[in-house]
*Asks:* 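Please see the structure below; I have some questions.
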Protein chains: 2
Amino acid sequence: MSAEQVGRRERKKAATRQAIANTALGLFLERGYDAVGIREVAQAADVAVTTVFAHFASKEALVFDRDQGFQDRVVRAVTDRDAGTTAPEALREELHAIVRDFIVSNATPFWRLVASSPDLQEYESKMWLRHADALAVAVAADRGRPAVSPADQALARFVLGVFPLARDSADPQAAVDEIMNLIAAAWEVAG
Amino acid sequence: MSAEQVGRRERKKAATRQAIANTALGLFLERGYDAVGIREVAQAADVAVTTVFAHFASKEALVFDRDQGFQDRVVRAVTDRDAGTTAPEALREELHAIVRDFIVSNATPFWRLVASSPDLQEYESKMWLRHADALAVAVAADRGRPAVSPADQALARFVLGVFPLARDSADPQAAVDEIMNLIAAAWEVAG
DNA sequence: TTGCAAAACCCTAACCGTTAGCGTTACCGT
DNA sequence: ACGGTAACGCTAACGGTTAGGGTTTTGCAA
């Protein structure tokens, strides 16, 4: 048939997932994260509670369904960068791009929602830290080391910690620059 | 009466709190964190479930009852340091002291317990980050700034992130030095 | 000493996120 | 057409946490 081999099954599954996430996000934005329970999300999306958890690992994951890709971009910024660029430079640019993408997509209501719930903020931080090990490996390789040292882990965490700080700053782009300056300095003495 | 004005009331309250925490930690170490429920802890300590939560904000807080003081030590290391010492130097020494205190107190079973549960690890990270704002204020003051900039917040988080990394390292003291070298370099370019 | 407000505690019952167990429907490859 | 399996549903429960409302203990003053 057509080039897209996505069967009805996968399409329906994706549609269900989207419907759940959209319904949930809508309810959360409208009435607040804590005021809306999972049972209510399921009912509004016309699915069973178990189906919600078949698609999303937790209630918080419902909110962050959309920005999945941002995490890998950071790791790839190091591994797939141009030959003439240093790792800190590539990271600075990628973080700028990510922040820019968030701003142009008019994500301010979304940011307010996240800011309103400690659960969501915590989940977000964990989201970024979850990729710290992968980034630490890339950092170690970048510095020509076979094994991952505590310094590599620390640098990786420094970088992944930039986003939450920038998000809560008045001028996110300036915050990225300011913190990346620190990280670049730390990067040089690592060795 | 005597100089200690601690009435029977406060003493009894403190005793109840200790009894709960000791009972809980014993059960956790003996049978595993997840295998012991709050209802069981309450029963073993001969108190009501509501009493447990009157003393501790969460199940995880039962485990970390003892190392409350470590957090403030980091902040005080900056604010109460000698005149001739720089902030990064004071912090490096304090982190070393904290790690040493943990080792001499033979906290290895405790560390194993924390390492065995994602909930506990997460709670521990949060514990340290919770004081990041206080440390950020101290850092900003140390650098002669009236307001807290993103760089101050970043530096504070870098420092408070050392402990979890050191704890999981093979040589915690060396890890502290390694990471503090990075932070000291970052500190200098800040401003 | 007695009386009284507040603190500390208890019990019950529930809410909420999450999961196990098990059945049902819809899709896919053969 | 058909059998396997993926997606979904229902029910019931578990474990952390809290609200509501009562009982005992403590501190303090009349």
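Letters go in sequence order (proteins before strands), and every chain restarts at 1.
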*Asks:* Once you round it to whole Å, what is the distance between P of C:dC27 and CD of A:E10?
*Replies:*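 Rounded to whole Å, this separation is 13 Å.
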
*Asks:* Can you tell if the side chain of A:P150 reaches within under 4.5 Å of the side chain of B:L165, non-hydrogen atoms only?
*Replies:*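 Heavy-atom side-chain distance check fails, nothing below 4.5 Å.
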
*Asks:* Quickly work out the A:L62 CG to C:dC16 C1' distance and round it to whole Å.
*Replies:*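 To the nearest whole Å, that distance equals 14 Å.
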
*Asks:* Under 4.0 Å between a Lys/Arg side-chain N and an Asp/Glu carboxylate O for B:R81 and B:E93?
*Replies:* no

*Asks:* Parallel, tilted or perpendicular: which fits the ring planes of B:F110 and B:F102, with parallel below 30° and perpendicular above 60°?
*Replies:*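 Tilted, since the angle between the ring planes falls between 30° and 60°.
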
*Asks:* Rounded to the nearest Å, what distance is computed from the CZ atom of residue A:R8 to the C1' atom of nucleotide C:dA26?
*Replies:*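 It works out to 9 Å between those atoms.
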
*Asks:* Looking only at side-chain N and O atoms, does A:T16 come under 4.0 Å of OP1 or OP2 in D:dC8?
*Replies:* yes

*Asks:* What is the distance from CZ of B:R17 to P of C:dC9, rounded to the nearest Å?
*Replies:*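 After rounding, the reported distance stands at 11 Å.
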
*Asks:* Does the side chain of A:K12 get closer than 4.0 angstrom to OP1 or OP2 of D:dA7 through an N or O atom?
*Replies:*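 For D:dA7, neither OP1 nor OP2 has a side-chain N or O of A:K12 closer than 4.0 Å.
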
*Asks:* If you compare every side-chain N and O of B:H55 against the phosphate oxygens of C:dC9 (OP1, OP2), does one of them come in below 4.0 Å?
*Replies:*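 Yes, because at least one side-chain N or O of B:H55 sits under 4.0 Å from OP1 or OP2 of C:dC9.
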
*Asks:* Can you tell me which nucleotide in D:dG16, C:dG17, D:dT26 comes closest to the side chain of B:R9?
*Replies:*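 Given the options D:dG16, C:dG17, D:dT26, the side chain of B:R9 is closest to D:dT26.
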
*Asks:* Expected output is a numbered-order residue list: members of residues 38-53 of chain A with a heavy atom under 4.0 Å from any atom of DNA chain D. What is it?
*Replies:* A:R39, A:D46, A:V47, A:A48, A:T50, A:T51

*Asks:* Could you give the CZ-to-P distance, from B:R11 to D:dT26, as a whole number of Å?
*Replies:* 10 Å

*Asks:* Taking the basic N atoms (NZ, or NE/NH1/NH2) and the acidic carboxylate oxygens, is any pair closer than 4.0 Å for B:R167 and B:E124?
*Replies:*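 Counted as a salt bridge, because a side-chain N and a carboxylate O are separated by less than 4.0 Å.
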
*Asks:* Is A:K59 positioned over the aromatic face of A:Y33, cation under 6.0 angstrom from the ring centre and no more than 45 degrees off axis?
*Replies:* yes

*Asks:* Kindly assign one of parallel, tilted or perpendicular to the pair A:W111 and A:F163, based on the angle between their ring planes and the thresholds 30° and 60°.
*Replies:*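 Ring orientation, 0 to 90° scale: perpendicular.
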
*Asks:* Measure CG/A:D34 against C1'/C:dC16 and give the value in whole Å, please.
*Replies:*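 In whole Å, C:dC16 C1' lies 11 Å from A:D34 CG.
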
*Asks:* Take atom CD1 of A:I20 and atom P of C:dT18, then tell me their distance rounded to the nearest Å.
*Replies:* 14 Å

*Asks:* Between P on C:dG17 and NZ on B:K59, what's the gap in Å once rounded to a whole number?
*Replies:* 19 Å

*Asks:* Less than 4.0 angstrom from a charged side-chain N to a carboxylate O is my criterion; do A:E60 and A:K126 meet it?
*Replies:*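 Judged by the 4.0 Å cut-off on N to carboxylate O distance, A:E60 and A:K126 do not form a salt bridge.
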
